[in-house]
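Structure record follows, encoded as structure tokens.
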2 protein chains.
Amino acid sequence: MLAPSSVVDALYDAVRHRIVNGELVGGEKLTEARLTGEYGVARTTAKACLERLTTAGLLRRTAHRTAVVTELGAAEVSDLYFARLAVEGAAVRRLAERRDLPATATAAQAQVVSAVDAHDFRRQAEADMAFHAALVNGAGSERLSRMHGLIMGEVHLTMGQSRAHLVPGRSAVGDEHDAILAAVLAGDAAGAVAALETHLAHAQSRVQARLARAAAQQDAQQEAQQQADPGAAN
Amino acid sequence: MLAPSSVVDALYDAVRHRIVNGELVGGEKLTEARLTGEYGVARTTAKACLERLTTAGLLRRTAHRTAVVTELGAAEVSDLYFARLAVEGAAVRRLAERRDLPATATAAQAQVVSAVDAHDFRRQAEADMAFHAALVNGAGSERLSRMHGLIMGEVHLTMGQSRAHLVPGRSAVGDEHDAILAAVLAGDAAGAVAALETHLAHAQSRVQARLARAAAQQDAQQEAQQQADPGAAN
DNA sequence: CAAGACTGATTGTTAGACAATTTGCTGCGC
DNA sequence: GCGCAGCAAATTGTCTAACAATCAGTCTTG
């Protein structure tokens, strides 16, 4: 893993990690001056970095307004997974048609299983991302990979938010990944896509459930606060 | 159509138009200094613009090297259409499942037909882009639209190169568009996707044929030159 | 004739400046 | 007390100028 030669690249990676690791929480503001101060770079560089993070979906920004760390709502998560299925589905279909099982995918899958066994959520998330990226890259379409990269930043975001999530069953994730790989290997395009679809549906429902819990918790907090200080009600 | 409020936006649009209209030909170099001089903007602005054009696929650039206008080869066109089918296919499938015919799509289709009748190739290309964009946007997925935008720049490129192309049959394009819309309206998801697939396949084969002709022509030119000056070979 | 050094062009990054815009606050009138 | 105009601070958008790093071609030299 070589260090990025460009300052903008390095800064991008640094901030990206802080975001997906939850160090920079959703809704937090990120001014150009802040990056300038924290990393000792020129404002021009900071601006370029923010622009990239914005196109990657990790930040939201409109003209003349400060960039804020993306906070995905239920509808947006749903949209994200729809787009994800479109891209990964195309990749998996092609892989199955060619009976081409990318070595990187099986390697990543092994990492997932190992991380699950070790209860290492961070590593599991990374390996899961690597697995899906391997499927798409394995399809050998530069543009499909680019499109995938465009949305995987946001996907990573939903995983960062789930650091403390419960492990589903024993390891539904591992089994579902295996099902996809098996169908690909069998040359069963429709089956592979179907397996991918159910896998993504499960993943999404976990995210949505956690989102709903978080929203309920926040509501409860607000209510409690309101009861303690009724005058401050909107 | 409001003028872009940002200088970078305006510059981006201006250069983009010059590229897709063939004024800036494939392989041509675009330095930051050149934009600075031609448009009277700061180099910072020019650089930001070039970066955007690069992510849109209209330019190619590697670190420390001058950006050049993208020139698509046969393999890249094939890849482009594969990615395109993945995105537009997902959109059309969703539209059919909802039996949702976007008004913008039918409007764009009318424009296509009218442009075909008028033999106005430029307008036909624009309307065709608008039609496909309307299908995707009609699906209502922000991320799918973003991904589509990521590759439509390159698609536009292939159309700009075909300014002088022959009209296929009478208007296969119009009929194929109609077939897609009909299937969507009938709620026939599989049929709509299939219609889209054949449409895109035809479109691609036209582009590839033109590409092959151009390559053959270039070879012939090279050969003639070589015969006139044999010593300069290789 | 080939390998290496030099030169010009180009990009990457920084610093500082100013205009335009947004935002939060202040104070005014009601 | 409340809404609203306006002001001040913060922030972004763009520009100018400069220097270092890198690349492409040329030129020298053995």
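Here is how names work: the chains are called A, B, and so on, in the same order as the sequence lines, proteins then strands, and each is numbered from 1.
- Each of A/Lys29 and B/Arg61 has a nearest nucleotide on DNA chain C; the 5'-most of these lies closest to B/Arg61.
- A distance-only check finds no donor-acceptor pair linking the side chain of A/Thr45 to the backbone of A/Val41 [under 3.5 Å].
- DNA chain C lies under 4.0 Å from at least one heavy atom of each of the following residues of residues 46-57 of chain B: B/Lys47.
- Under a 4.0 Å N-O distance rule, the pair B/Glu38/B/Arg34 qualifies as a salt bridge.
- Taking the charged nitrogens against the carboxylate oxygens, A/Glu154 and B/Arg143 do have a contact shorter than 4.0 Å, which makes a salt bridge.
- For the residue pair A/His177/A/Asp128, the side-chain donor-acceptor check at 3.5 Å is satisfied.
- Between A/Ala67 and B/Gly40, the residue anchored closer to the 5' end of DNA chain D is A/Ala67, taking for each the nucleotide with the nearest heavy atom.
- For DNA chain C, the outermost nucleotides in 5' to 3' order that have an atom under 4.0 Å from a heavy atom of chain A are C/dT13 to C/dT23.
- Side-chain polar atoms of A/His156 and A/His17 form no donor-acceptor pair below 3.5 angstrom.
- Judged by the 6.0 Å distance and 45° axis criteria, A/Arg94 is positioned over the aromatic ring of B/Phe82.
- Here D/dT11 presents its P atom at 12 Å from CG of A/Leu35, a figure rounded to the nearest Å.
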Check the interface with nucleotides 18-24 of chain D: list each N/O to N/O pair with the protein under 3.5 Å, or write none.
residue : atom : partner : partner atom : Å
D/dA18  : N6   : B/Arg43 : NH2          : 3.3
D/dA24  : OP1  : B/Arg65 : NE           : 3.4

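- At a threshold of 4.0 Å, the pair B/Glu51-B/Lys47 does not count as salt-bridged, since none of the basic side-chain nitrogens sits closer than that to a carboxylate oxygen.
- B/Thr66 comes within 4.0 angstrom of the backbone, heavy atoms only, and of no base.
- Here the side chains of B/Ser114 and B/Gln124 are not in contact, with every heavy-atom distance at 4.5 Å or above.
- Using a 4.0 Å cut-off between charged side-chain N and carboxylate O, A/Asp9 and A/Arg52 make a salt bridge.
- In this structure a side-chain-to-backbone donor-acceptor pair under 3.5 Å is missing from A/Glu88 to A/Leu85.
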